[in-house]
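Presented below is the structure to which this report refers.
These numbers were taken from a predicted model, which means no experiment stands behind them.
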Amino acid sequence: MALTPTPETNSTPTRHIAILGGTFDPVHWGHLKPALELADQFGWERIHLLPTCAPPHRAQPQVLNTHRLGMLDAAAQVDERLRVDDWELKQGLPSRTLPTLKHYRQTCADACLYFIIGTDSLLTLREWLHWERLFDYANFVVMPRPGYALSDCRAEITKLLKERQVSAEDFPGGVGKIYLADCQQIDISATELRATLAEQEHCPEVLPEPVWNYIREHNLYRIDANKAAALNN
């Protein structure tokens, strides 16, 4: 196996693009605010919101892919740097990070890529397919997640951090670096949020208003709508 390149520090790409994947069922401020905060900090030109297709490590989405995309389109109205990308959905296969990063490397050859994950994902990174090769294509941003601590990392991940973790000053540019973000943790349970939306009459604080408007317009997460869907299956 070829050795993974060490982090580069002298690259001067013309663009800085972040990738934020997720189930987005629904998309909420817990996804968006930390990413936008980092975009301000590092001058990211775009943040690609990438809904997963049949995520291999999570429960399957409750709503149709068309509605997940619709909610993301609505969320993108809050900031011009947010872009919705349905590439993984179009593949029709369980989402894997390596093909995704290869795709972005090919289509954004002049850009420095930043892949956003949470501490929960970092702790299980060694279970990802070809995880050691991911750092050939992008820098990684690790967002804090309530209930997950770096002290719980296994030996391989502790070694990875020792080799690749950098400060905010050294993070922009290059490839293969890891930055542990110091963003405000927004503790939002998607399961609890969906249950709340089943009977909610006003926009919750955790949702951008355009997303709430889309949910109401299409009667998503409502108890009566869920029962009707069950009867039709």
Working to the nearest 0.5 Å, report the span between CG of N65 and CG of L89. 4.5 Å
Polar side chain donor-acceptor pair, H103 to R105, under 3.5 angstrom: no
Check: C53 main-chain N/O paired with S95 side-chain donor or acceptor under 3.5 Å: yes
Interatomic spacing from CD1 in I188 to CH2 in W29 - rounded to 0.5 Å: 10.5 Å
Indicate the atoms forming the closest heavy-atom contact of G176 with R164, along with that distance. O-NH1, 2.8 Å
Go through the steps for V206 and W212 under the test side chain to side chain contact (heavy atoms under 4.5 Å, CB included), then give the verdict. CA-CA 10 Å; V206 299; W212 167 249; over 6 Å; no
In terms of ring plane angle, is the pair H31 and H28 parallel, tilted or perpendicular, where the classes change at 30° and 60°? parallel
Are more than 12 heavy atoms from other residues, nucleotides or ligands located less than 6.0 Å from atom CD of E156? yes
Using only atom types and a distance under 3.5 Å, with no angle test, would you say the side chain of T124 pairs donor to acceptor with the backbone of E127? no
Steps toward side chain to side chain contact (heavy atoms under 4.5 Å, CB included) verdict (H48, Y104): CA-CA 10 Å; H48 285 256; Y104 273 97; 3.4 Å; yes
Under a 4.5 Å side-chain heavy-atom rule over Ile, Leu, Val, Met, Phe, Trp and Tyr, are I116 and L123 clustered together? no
Taking all non-hydrogen atoms of both residues into account, name the closest pair between P34 and C183 and its distance. O-SG, 4.0 Å
Check the side chains of Y179 and D170 for a donor-acceptor pair under 3.5 angstrom, ignoring hydrogens and angles. no
How many angstroms lie between atom CG of L38 and atom CG of D182, to the nearest 0.5 angstrom? 9.5 Å
Just do the ring pair (Phe, Tyr, Trp, His ring centres under 6.0 Å) check on Y114 and F171 with the steps written out, would you? CA-CA 10 Å; Y114 303 85; F171 187 53; 5.3 Å; yes
Run the side chain to side chain contact (heavy atoms under 4.5 Å, CB included) check on I178 and V166 step by step: do they pass? CA-CA 6 Å; I178 299 175; V166 298; over 6 Å; no
Should the pair E163-K159 be classified as a salt bridge under the 4.0 Å nitrogen-to-oxygen rule? yes
Against L150, only a single residue in T158, T119, I157 fulfils side-chain contact (heavy atoms from CB on, under 4.5 Å); can you say which? T119
Side chains of N213 and R216: is there a donor and an acceptor less than 3.5 Å apart? no
Above 12 or not: heavy atoms from other molecules or residues under 6.0 Å from CZ of F42? yes
Can you tell me if D79 has over 12 outside heavy atoms packed within less than 6.0 Å of its CG? yes
If I take atom CZ from residue R83 and atom CD1 from residue I17, how far apart are they, to the nearest 0.5 angstrom? 8.5 Å
If the threshold is 4.0 Å, N to carboxylate O, is there a salt bridge linking D110 and R15? yes
Nearest 0.5 Å please: distance from the CZ atom of R133 over to the OH atom of Y137. 5.5 Å
Considering all heavy atoms of both residues, which atom of G174 and which atom of C112 are nearest to each other, and what is their separation? O-SG, 3.4 Å
Do E88 and T52 meet the criterion of a side-chain donor-acceptor pair at a distance under 3.5 Å? no
Parallel, tilted or perpendicular for F135 and F140, by the 30°/60° rule? tilted
Heavy atoms of G22 and R68 approach each other most closely as O-NH1, 4.1 Å
Any salt bridge linking K90 with D85? Criterion: basic side-chain nitrogen under 4.0 Å from a carboxylate oxygen. no
Check the hydrophobic clustering (I, L, V, M, F, W, Y; side-chain heavy atoms under 4.5 Å; chains of links allowed) and say if Y148 and L180 are grouped together. no
Closest approach of T66 to Y214 (non-hydrogen atoms, all atoms of both residues): O-OH, 3.8 Å
L98 reachable from I117 in the ILVMFWY side-chain graph, under 4.5 Å edges: yes
